[in-house]
Amino acid sequence: MRLTAKQWIQVTVSLLVAIWIFWYLYKDIKMDSLRNALQQASIFYILLSVAVSLLGYWLRAWRWRLLIKTSSENPPTTLRTFWGLMGGYLANLLVPRAGEVARCGYLKKTDNLQMGNLLGTVILERTVDLVFMMMVIALAFVAESGTFLNLIGELVSLEALKSTFLGALPIVIGAVVVTILIIYGLLKKYRDSSIIQKGQHFVRDILTGLKSVRKVDNQVGFWGSSVLIWIIYFLMMYLVAIAIPSTANLTATSVLMVMVMGSIGMIAPVQGGIGTFHALVAFILMTYGLTEEEGKIFAVIVHSSQVLTVMAVGLVSMGVLVKLTNSKQPQTAP
């Protein structure tokens, strides 16, 4: 994927921000402390966490294939979508949010699938993930309501947020209406241009992908895997918590809250959630009685284990891509 000069600047700035946040968080943490924590940790449980996360990636790939199958007569195998998915995660470590496009490009090269349809399935997949994330946050709120309310109170002034929103609401509505009118006018004026026609065709491809969830043959498998993906994410973090003495006594609901904060940290527009994930995870762990150092060490172990996994499997997926594109023999599944 080629980047423009502006995009390179954005990528560089986001990387520098991530590095600065990470440095600021860990500048006072000695390597001896991290080394001691690793020596005391159970490598078995950490490796088991990695294995569980790989199962989660495989489930994501299988679910993605269910969506692709609705708009393709010759869908790729789950293994092929798995390599594309991991290649996308590797791209996310380099360019924030690039992985969604990269994994679609992967399957376009290997299986000659329509880019618009693939992007539609990815958008739908991410929409489903967002819905489940909201449900997980709600579950965490119910399970740890006291901690949750204290946390929100420390991070945000609810009264100030409400007054700001109400004050800006007329401006926001006006801006949305004006934007819609401008876009409508431009589309009407230049509707016969080749660029607009290509854009409309691309949008139709995306809408086809968005509608594909209703066409999924295995509805139970699709929604069941969506639930299992989040259960696996929880298990991955819970296993690491068990592995480290300082977090071994955390309750399941406490780990659920840590998972929620980590998920929010991963949404930040920086490479692989570097810095933001660590900050939020360490912050919530401090509310459960861990020291700042213990919280930061837990965060770096969880995050590093996943980053190393993505890098290793992602690099393998790049090798597979080179091999497949050289052979030019699309692989299909019955």
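Quick caveat, the model's predicted, so the values are computed rather than measured. Numbers here are sequence positions counted from 1.
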Neighbour count >12 (heavy atoms, 6.0 Å) for atom CE, Met31: no

Whether Arg65 side chain and Pro76 backbone form a donor-acceptor pair below 3.5 Å: yes

Nearest-0.5 Å distance that lies between atom CD1 in Ile46 and atom CD1 in Ile244: 6.0 Å

Enclosure of Asn218 CG (heavy-atom neighbours >12, cutoff 6.0 Å): yes

Tyr89/Gln306 under side chain to side chain contact (heavy atoms under 4.5 Å, CB included): CA gap, chis, key distance, verdict: CA-CA 11 Å; Tyr89 280 127; Gln306 290 305 302; over 6 Å; no

Same apolar cluster (I L V M F W Y, side chains within < 4.5 Å links), Leu130/Val260: yes

Rounded distance [0.5 Å steps], CD1 in Ile232 versus CE in Met237: 14.0 Å

Donor-acceptor pair, side chain of Glu144 and main chain of Phe141, under 3.5 angstrom: no

NZ or CZ of Arg103 within 45° of Trp64 ring axis and under 6.0 Å: yes

Main-chain N/O of Ile284 paired to Thr287 side chain as donor or acceptor, under 3.5 Å: yes

Tyr288 side chain vs Val255 backbone, donor-acceptor pair below 3.5 Å: no

Ala241 backbone acceptor or donor facing Thr247 side chain under 3.5 Å: yes

Spatial distance of atom CG (Leu321) from atom CZ (Arg80) [nearest 0.5 Å]: 9.5 Å

For Ala299 against Phe277, the heavy-atom pair lying closest together: O-CE2, 3.7 Å

From Ser33 atom OG to Glu293 atom CD, the distance as rounded to the nearest 0.5 Å: 3.5 Å

Donor-acceptor contact present, side-chain Ser226 to main-chain Phe222, <3.5 Å: yes

Distance (rounded to the nearest 0.5 Å) between Leu256 CG and Thr251 OG1: 9.0 Å

Heavy-atom donor-acceptor pair, Ser254 side chain to Leu250 backbone, under 3.5 Å: no

